[in-house]
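To keep things clear, I will list the structure first and then write my remarks on it.
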Amino acid sequence: LVEMKRRLDEGAIGQIRAVQGDLGALRAYDPADRLFAPELGGGAMLDLGVYALSFVQHVLGTPSWVSANGSRYPNGVDAEAAMLLGYEDGRSATVHVALKTPGPGRMIIFGTEGFVEVCPRFHHPDAVVLHRGQDEERIALPPLGRGYAHELIEVGRCLDERLLESPTMPLADTL
């Protein structure tokens with residue numbers, strides 16, 4: 001996704017105005033499973049939402065406000081959440097994450113001159129498609145592991161260069 005961000009920064013789809021996406025994983029409720037255990041950070045937001053919100057923040061930056069709605073399991077752990085993130089200049093993001101429903105796991109970035117589709121699953125896509133008018137450019141992304149390999153490579157690079165944080169994912173964004 002570094003290549004996608006580079007192209008966005010160069011204006012490939014004009015000024016970025018919105019992001020829309022989802023990440024769902026249908027799981028049967030089992031309070032003994034770590035996905036549903038509050039003491040282990042269970043729930044849709046901590047298991048799936050972090051990826052979706054990190055993606056939005058990487059593209060749009062930190063929002064000015066967030067509105068959310070969702071549901072919980074009997075033990076209080078969140079089952080699903082729909083979020084609207086707003087920015088002072090009118091940009092926005094809509095994101096849905098859930099353990100109650102499946103979903104494609106796609107992100108779309110809307111610009112003033114086109115849009116980018118990050119093919120499912122967006123946290124380890126095999127392609128990104130740039131749409132500008134009738135033109136479509138598919139950028140193939142060879143698979144590298146199942147989504148965590150890029151993070152491990154970046155940590156290794158940062159350690160080799162004695163960096164205290166990654167320029168791609170600064171500590172402030174993690175907080």
Side-chain angles (χ1 to χ4, degrees), residues 1 4-5 8 13 16-111 114-129 131 141 143-152 154-155 166 168-175:
L1 297 179
M4 177 201 72
K5 181 73 165 106
L8 291 174
I13 59 169
I16 298 168
R17 300 302 305 158
V19 174
Q20 180 183 67
D22 77 280
L23 189 54
L26 180 59
R27 300 289 187 262
Y29 175 63
D30 176 0
D33 188 299
R34 71 124 189 122
L35 282 176
F36 308 100
E39 68 278 7
L40 297 177
M45 281 304 301
L46 289 178
D47 196 67
L48 303 170
V50 293
Y51 298 107
L53 293 176
S54 178
F55 184 96
V56 169
Q57 185 159 351
H58 188 63
V59 174
L60 293 176
T62 302
S64 303
W65 56 267
V66 176
S67 179
N69 189 42
S71 68
R72 296 180 185 269
Y73 289 107
N75 67 351
V77 171
D78 56 302
E80 60 193 338
M83 296 159 279
L84 173 60
L85 292 76
Y87 297 79
E88 291 297 324
D89 62 0
R91 292 175 301 139
S92 64
T94 55
V95 178
H96 180 259
V97 296
L99 292 172
K100 266 190 164 177
T101 59
R106 177 177 51 199
M107 287 285 179
I108 301 174
I109 304 163
F110 299 93
F115 65 96
V116 173
E117 190 177 0
V118 183
C119 300
R121 293 188 65 85
F122 73 84
H123 54 294
H124 53 88
D126 62 1
V128 171
V129 183
H131 300 267
L141 304 170
L144 183 61
R146 292 197 38 121
Y148 298 107
H150 299 281
E151 288 90 339
L152 293 170
E154 179 66 2
V155 167
S166 166
T168 303
M169 179 55 64
L171 295 174
D173 286 359
T174 301
L175 293 174

Within [range] or reaching into it, pairs that qualify as salt bridge (Lys or Arg N to Asp or Glu O under 4.0 Å) - sequence neighbours excluded:
range	value
residues 42-52	R34-D47
residues 48-58	none
residues 52-66	none

How long is the span from the [atom1] atom in [X] to the [atom2] atom in [Y], to the nearest 0.5 Å?
X	Y	atom1	atom2	result
N69	L84	CG	CG	11.5 Å
R17	D89	CZ	CG	5.0 Å
D78	L99	CG	CG	7.5 Å

Going by the rule ring pair (Phe, Tyr, Trp, His ring centres under 6.0 Å), which residues pair with Y87 if we only count those two or more places apart in sequence or in a different chain? none
Under the ring pair (Phe, Tyr, Trp, His ring centres under 6.0 Å) test, which residues partner F122, sequence neighbours left out? F55
Test side-chain contact (heavy atoms from CB on, under 4.5 Å) applied to [X] - qualifying residues, sequence neighbours left out:
X	answer
T168	H58, E154, S166
E80	S71, H96, A98, K100
P170	E165, D173
R72	none

For I109 and M4, what are the C-alpha separation, side-chain angles and deciding distance, and is it a side-chain contact (heavy atoms from CB on, under 4.5 Å)? CA-CA 10 Å; I109 304 163; M4 177 201 72; 3.7 Å; yes
For the residue pair [X] and [Y], what are the closest heavy atoms and their distance?
X	Y	value
A93	L60	CB-CD1, 4.1 Å
P125	C119	CB-O, 3.4 Å
A68	M83	CB-CG, 3.9 Å
I16	R91	O-CD, 3.2 Å
G41	L46	O-CB, 3.1 Å
G49	V97	CA-CG1, 3.7 Å

Please walk me through it: do L85 and L53 pass side-chain contact (heavy atoms from CB on, under 4.5 Å)? CA-CA 9 Å; L85 292 76; L53 293 176; 4.0 Å; yes
For the residue pair Y73 and F36, does the interplanar ring angle fall in the parallel (under 30°), tilted (30 to 60°) or perpendicular (over 60°) class? perpendicular
For T62, enumerate each residue passing the side-chain hydrogen bond (donor to acceptor under 3.5 Å, both in side chains) test, keeping only those at least two apart in sequence or located in another chain. Q57
Applying side-chain hydrogen bond (donor to acceptor under 3.5 Å, both in side chains) to Y51 and not counting sequence neighbours gives Y148
Using distance only, find each side-chain donor-acceptor pair of residues 20-28 under 3.5 Å and give its atom names and separation, not counting sequence neighbours.
unit_1 : atom_1 : unit_2 : atom_2 : d
D22    : OD1    : R106   : N      : 3.4
D22    : OD2    : G105   : N      : 3.1

Taking N75 for its side chain and P38 for its backbone only, find out whether a donor-acceptor pair lies under 3.5 Å. no
